[in-house]
S.K.: 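I'd like to ask you about the structure that follows.
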Amino acid sequence: MAIKYELIKVCKQSGARLGKIHTPHGVIETPIFMPVGTQATVKAMTPEELKKIEAQIILSNTYHLYLRPGHKLVEKAGGLHKFMNWDKPILTDSGGFQVFSLGDLRKISEEGVEFRSHIDGSKHFLSPEKAIEIENSLGADIIMAFDECAPYPADRQYVKNSLERTTRWLKRCIDAHKYPERQALFGIIQGGMYKDLRHQSLNEILSFDLPGYAVGGLSVGEPKDLMYEVLEYTTPLMPKDKPRYLMGVGSPDCLIEGVIRGIDMFDCVHPTRIGRNGTAMTSIGRVVIKNAKYAEDFMPLDPNCDCYTCKSYSRAYIRHLFKAGEILASRLVTYHNLHFLLNLMKEIRQAIMEDRLLDYRREFFQKYGYTL
Ligand SMILES: CNc1nc2cc3nc[nH]c(=O)c3cc2[nH]1
């Protein structure tokens with residue numbers, strides 16, 4: 001098996017699980033947050049800095065790397081791990097979602113999707129077979145099936161047709177996959193916000209014996225409570241002995257709520273993207289550092305954080321860097337935000353171990369300013 005999931009403990013207070021995923025590039029402790037490295041780099045971070053903040057697995061995107069520099073080039077370089085000098089686990093998304101959200105989508109058919117590149121407008125075609133060919137060339141430890149993420153909102157018939165095609169595409173992905181013994185192919189459950197369609201997609205996707213499964217079609221603009229509701233009737237029906245991955249999530253509250261509802265893996269561009277724009281996630285809520293009120297604030301970004309950024313620099317200095325357009329500005333806040341989320345996941349794992357995750361949620365929300 002390309003990966004082995006080890007269930008260590010189920011939290012007595014909630015459906016949360018503590019686990020380990022054993023992969024060819026090392027062990028991942030779950031629940032885990034995966035920093036996003038879309039174009040073979042977690043923007044503004046070096047692999048050494050990612051290791052310093054204990055990132056255990058990072059995500060890269062098939063759509064972007066296929067368009068630039070090309071999957072064949074990455075293969076020639078020895079694969080994505082070698083190309084980007086990252087020797088821990090990597091997960092690649094299949095490109096389906098990016099085509100819908102980024103590319104200039106031309107046409108969806110049973111065969112696949114035709115789109116124009118967001119880089120130079122050139123015409124391309126992605127199919128289950130093509131996506132798997134690219135992911136096999138990149139060499140990630142976990143690869144996602146080529147699926148269709150239905151938009152939100154979407155009517156029932158559209159969502160039903162789309163989930164059924166995603167199931168037919170999954171079969172084609174499995175047949176096209178060249179290295180199942182070293183790259184774990186995850187299926188993706190769709191079904192929009194419809195309980196019966198989620199259960200239909202669950203039955204169809206779980207009928208394929210795969211090393212892990214993702215909950216797709218969420219974090220697409222729906223209210224958070226609706227996402228939580230879908231998880232409540234989806235994750236309990238997923239295998240207990242396989243990792244569960246909620247795609248595209250998320251902010252601190254969504255991570256905690258997702259873990260409570262049985263999710264093991266998360267990814268989101270949020271911490272890195274807002275970090276580059278000068279918004280820091282801190283233990284006392286968000287700090288928008290360009291705000292004039294920080295001009296002479298010589299406190300660290302987060303007084304309760306022990307990361308390099310918070311131990312070495314003041315808010316005034318970091319605000320100055322942003323105002324001056326210095327590259328270091330993005331690097332320092334990105335570093336802190338990733339450390340913040342990775343540390344949040346570490347505290348969540350500790351809370352599960354001690355059967356006090358719901359207490360942890362209440363304390364975190366009070367400090368962070370969320371309402372329960
Ligand atoms: C940022 N939100 C978000 N990122 C996603 C990526 C995805 N990939 C494949 N399939 C999905 O359904 C899917 C859903 C997603 N939601």
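Model, not experiment: these values are computed from the prediction. Counting starts at 1 for both ligands and their atoms, in listed order.
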S.K.: As an exercise, state the distance from CZ of F33 to CZ of F340, rounded to the nearest 0.5 Å.
M.R.: 12.0 Å
S.K.: If we only consider heavy atoms of L218, is any one of them less than 4.0 Å away from an atom in ligand 1?
M.R.: yes
S.K.: So if I count the atoms of ligand 1 from 1 in the order they appear, which ones are less than 4.0 Å from some heavy atom of G216?
M.R.: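 Once the distances to G216 are compared, the set is 11 (C), 12 (O).
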S.K.: Could you go through the salt bridge (charged side-chain N to carboxylate O under 4.0 Å, His left out) check for E257 and R261 one step at a time?
M.R.: CA-CA 6 Å; E257 298 291 2; R261 292 165 178 80; 2.7 Å; yes
S.K.: Answer with side chain, backbone, both or neither: which part of V249 has a heavy atom less than 4.0 angstrom from an atom of ligand 1?
M.R.: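 No part of V249 is near ligand 1 at this cut-off.
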S.K.: Please could you name the atoms of ligand 1 that D93 approaches to less than 4.0 Å, counting only its heavy atoms?
M.R.: 6 (C), 7 (C), 8 (N), 9 (C)
S.K.: What atoms in ligand 1 come closer than 4.0 Å to a heavy atom of S219?
M.R.: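 This gives 1 (C), 2 (N), 3 (C), 16 (N) as the contact atoms.
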S.K.: Establish, from distance only, whether the side-chain atoms of R68 and Q39 form a donor-acceptor pair under 3.5 Å.
M.R.: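 The criterion, which ignores hydrogens and geometry beyond distance, is satisfied for Q39 and R68.
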S.K.: Could you check atom 6 (C) of ligand 1 against the protein and tell me its nearest heavy-atom contact, residue, atom and distance included?
M.R.: F97 CG, 3.4 Å
S.K.: Which ligand 1 atoms are under 4.0 Å away from a heavy-atom of G217?
M.R.: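 Going through ligand 1 atom by atom, the ones under 4.0 Å from G217 are 11 (C), 12 (O), 14 (C).
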S.K.: Going by the order shown, which atoms of ligand 1 are within less than 4.0 Å of some heavy atom of Q190?
M.R.: 10 (N), 11 (C), 12 (O)
S.K.: Taking the ring of F298 and the ring of Y317, is the distance between their centroids below 6.0 Å?
M.R.: no
S.K.: Just checking Y66 against H124, ring centres under 6.0 Å apart?
M.R.: yes
